[in-house]
Number of protein chains: 2
Amino acid sequence: MSMRSRSVVTIADVARACGVGTMTVSRVINGKKHVSEAMVRRVEEAIARLNYQPNEAARTLKGRTSRTLGLIVPSLSDPFFSQCAHAVQQVAAEQGYMTMLFACEASHSVEAEELSQMRSRNIAGILIVPSSENSMEQLKELRRSGMPVVMMDRTIAGIDAGEVMVENLEGSFRATNHLIDHGHRRILCVGYDREYNSIGQRMDGYRKAMQTAGLQPQYLLVKRGVPVGPRVVAALRAVKPPTAIFSLNNVTSVAVLSALKREKIRIPEQVAMVGFDDFELASLLAVPLTAVRQPAAELGRQATRMLIDSLRSGSGNQQMSARIVLPTELILRQSCGCEPLAQITPLD
Amino acid sequence: MSMRSRSVVTIADVARACGVGTMTVSRVINGKKHVSEAMVRRVEEAIARLNYQPNEAARTLKGRTSRTLGLIVPSLSDPFFSQCAHAVQQVAAEQGYMTMLFACEASHSVEAEELSQMRSRNIAGILIVPSSENSMEQLKELRRSGMPVVMMDRTIAGIDAGEVMVENLEGSFRATNHLIDHGHRRILCVGYDREYNSIGQRMDGYRKAMQTAGLQPQYLLVKRGVPVGPRVVAALRAVKPPTAIFSLNNVTSVAVLSALKREKIRIPEQVAMVGFDDFELASLLAVPLTAVRQPAAELGRQATRMLIDSLRSGSGNQQMSARIVLPTELILRQSCGCEPLAQITPLD
DNA sequence: CAGGACTGTGATATCGTTCTCAGAAATCAC
DNA sequence: GTGATTTCTGAGAACGATATCACAGTCCTG
């Protein structure tokens, strides 16, 4: 009846086929010593012939590492995260690890749920772009129980985990200075209110540049979900409107561009603009956007290496305090009013 | 020494805490019958108090379903796939399934590797946007061994699996007709050469429209990796150049737009354009792109439901022959030369 | 050549859960 | 009241892999 026949080949089948014990086969699979050359070949031949694949659930249960990393990002639609995720998967695969990728879509409850799944799934280690301070408890607890964790792009205070960040402050500082150097005095900083610390760092960079130049910082911060476009338009209609906008991230940049287009406000003539976080299509927009480029792939790679290193070095709690900060790059395009320096890069 | 203390709570701990056997706890966890009301409460209280979480590896090993779906997409950077993946994860989570997401980045060997991992990981079922005919063997074999499979967006011949597709032919037919209706006679069809059947269907739709109008189809097909932009530019410099371009997908659309921009060829004045596959920023481009929108999220949702249904109905081999085809929508913007019908949608 | 160290191999216990079966108590049928 | 069913419960055997231990041999080393 049920075609659910146990057609799966087990280690015992292989052992039987070779006329040896299961331990010998196990040793061959794991590349351990104490197996004769001839035996290795014999077993490998049988494995290939029977198309045997070790049952991961059994291996995991027995206590060995699950060879699986958990990767939690806020969203997959943001190219920054998808690039990052791709890099993680690539490096992990090279090192023999699988990746379980989760997108919590900025939902705290989803993130908590996913984190709680991590333990029951015997995940070897966690790479996370934390969405909310709320998940702190879950993460702390996992960390306490010895789970290696590396935070990417953002950090949560009070968690002793690896960190791979970008130079948010420096990037914002440079971007803001660029606007100042081009004569702008009233620069509006637009973004989501301190959702996480990297946004705070970007705000700090902006503020530092403004104050250094003796200018008054000016913020338009909203909660995520509140339409920011109309607010910006309103700000531009005020007396003494800002002559430039510094957008704290990708999502707000697009929202602002969309609103400005709708209202037929010209960039950079009526208002100049620089955004934090570059994206592929930025150069093909109606007004190519000057933006701070983050090394998304590099961030993913470094974070994964850090995690795997700490996995390899036993339950290396000490190693986890590592911290890497990657540089950013200001990509000049037309939205800030100065001619682009570089040629348009072909997207082919 | 090693902080790797077995701090993990097992079902035996819970049982001991309640003074019952493990089977009783197991029954409570799985919501089975034959447990008294009072006992259920007692056990649930203990589970909560001890923060017990069942070990998935053990459950999986014992033969129960792993409650995990494998999702294989060609790439995460393509918004079509990331939207689709997101929808899959959402529906799966609602139904109590986890998702293992893999991006094979169009590499056949990676795809094969990932497929082979599926079995050893006791994946319950597979959702795949197949990249290559090469993976056919792997997939066929999995299918033979009773693994439920649903193919999304593309199909591979000779595999008896569920299919969720979009109306490629109809969408292309309509898009091409739109150009024809606006007076275009020489329309160039640009894309990657028949990589998979959905591209073939799009080409068929284009051809059907052209032939119906008594026009000569004209193709510019390259292999993935070959820069298509310069070829298009060259084609436009020929005598009797095409007056419109129909791009078979997202990636070629962007490549073409980029090349046209580089060469300062104006759209739609010098050449009109329609692309298959819409994307978020299409409306903010220098020339907002008219495109065939595919219901990416709906595709993911339907596919996931189909897979889970077949999982629930036992090893329902019959059910797997199901096939769903979703409609597309032509989004009119300026690149095709006619005014956009709709207002610009706010991106906030 | 005796004692130690290393190599090659297999029996057996074990990981945490669920399945099978069996027993005890309660309920029902007549 | 006796037998049959149903409810509630637990002991023990899996699931498939690996760690541990045990036991031959083999190779040194003095």
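Note on naming: letters A, B, ... go to the chains in the order of the sequence lines (proteins, then strands), and numbering restarts at 1 for each one. These values consider heavy atoms only, across backbone and side chains, with no hydrogens, waters or symmetry-generated copies.
Nucleotide C/dT9 holds its C1' atom 11 Å from the CZ atom of A/R42, rounded to whole Å. Distance A/R119 CZ to C/dT17 C1': 17 Å, rounded to the nearest Å. For the pair A/L61 CG and C/dA13 P, the computed distance is 17 Å after rounding to whole Å. Taking atom CD1 on A/I47 and atom C1' on D/dA17, their separation rounds to 13 Å, with Å as the unit. When the P atom of C/dC15 is taken as reference, atom CG of A/N55 falls 18 Å away, rounded to whole Å. Put simply, CG on A/N122 is 10 Å from C1' on C/dG16, counting in whole angstrom units. The nearest whole Å value for the distance from the CZ atom in B/R16 to the P atom in C/dG16 is 11 Å. Look at NZ on B/K62: it is 19 Å from P on C/dT14, rounded to the nearest Å.
Residues satisfying the salt bridge (charged side-chain N to carboxylate O under 4.0 Å, His left out) test with B/E141, not counting sequence neighbours, are B/R119. A/R41 pairs by the salt bridge (charged side-chain N to carboxylate O under 4.0 Å, His left out) definition with nothing, not counting sequence neighbours. Partners of B/R42 under the salt bridge (charged side-chain N to carboxylate O under 4.0 Å, His left out) rule, at least two apart in sequence or in another chain, do not exist in this structure. Evaluation of the salt bridge (charged side-chain N to carboxylate O under 4.0 Å, His left out) rule for B/E45 yields B/R49 as partners, not counting sequence neighbours. Scanning for side-chain hydrogen bond (donor to acceptor under 3.5 Å, both in side chains) contacts around B/T68 gives A/R121, with sequence neighbours left out.
Sorted by first and then second residue, the salt bridge (charged side-chain N to carboxylate O under 4.0 Å, His left out) pairs with a member in residues 15-39 of chain B read B/D13-B/R16; sequence neighbours excluded.
Candidate nucleotides D/dG16, D/dG10, C/dG16 were compared by shortest atom distance to the side chain of B/M23, and D/dG10 ranks first.
Direction of the helix axis in the helix from C/dC1-D/dG30 to C/dC30-D/dG1 shifts by 30° between the two five-pair termini, rounded to 10°.
Of the residues in residues 28-41 of chain A, those placing a heavy atom less than 4.0 Å from an atom of DNA chain D are A/N30, A/K32, in numerical order.
Between B/T24 and D/dT9 there is no side-chain N or O to OP1 or OP2 distance below 4.0 Å. The side chain of A/S26 places no N or O atom within less than 4.0 Å of a non-bridging phosphate oxygen (OP1 or OP2) of D/dA17.
Residue B/E56 is the one, among B/E56 and B/R27, whose nearest nucleotide of DNA chain C lies closer to the 5' end (criterion: closest heavy atom).
The structure places CG of A/L142 at 8.5 Å from CE of A/M118, a figure rounded to the nearest 0.5 Å.
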Taking only distance into account, with no hydrogens and no angle test, what donor-acceptor pairs under 3.5 Å do side-chain atoms of residues 79-87 of chain A form with protein atoms, sequence neighbours excluded?
from  : atom 1 : to    : atom 2 : distance (Å)
A/S82 : OG     : A/P79 : O      : 3.2

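Proximity of a side-chain donor or acceptor of B/E114 to a complementary backbone N or O of B/I72 within less than 3.5 Å is not detected.
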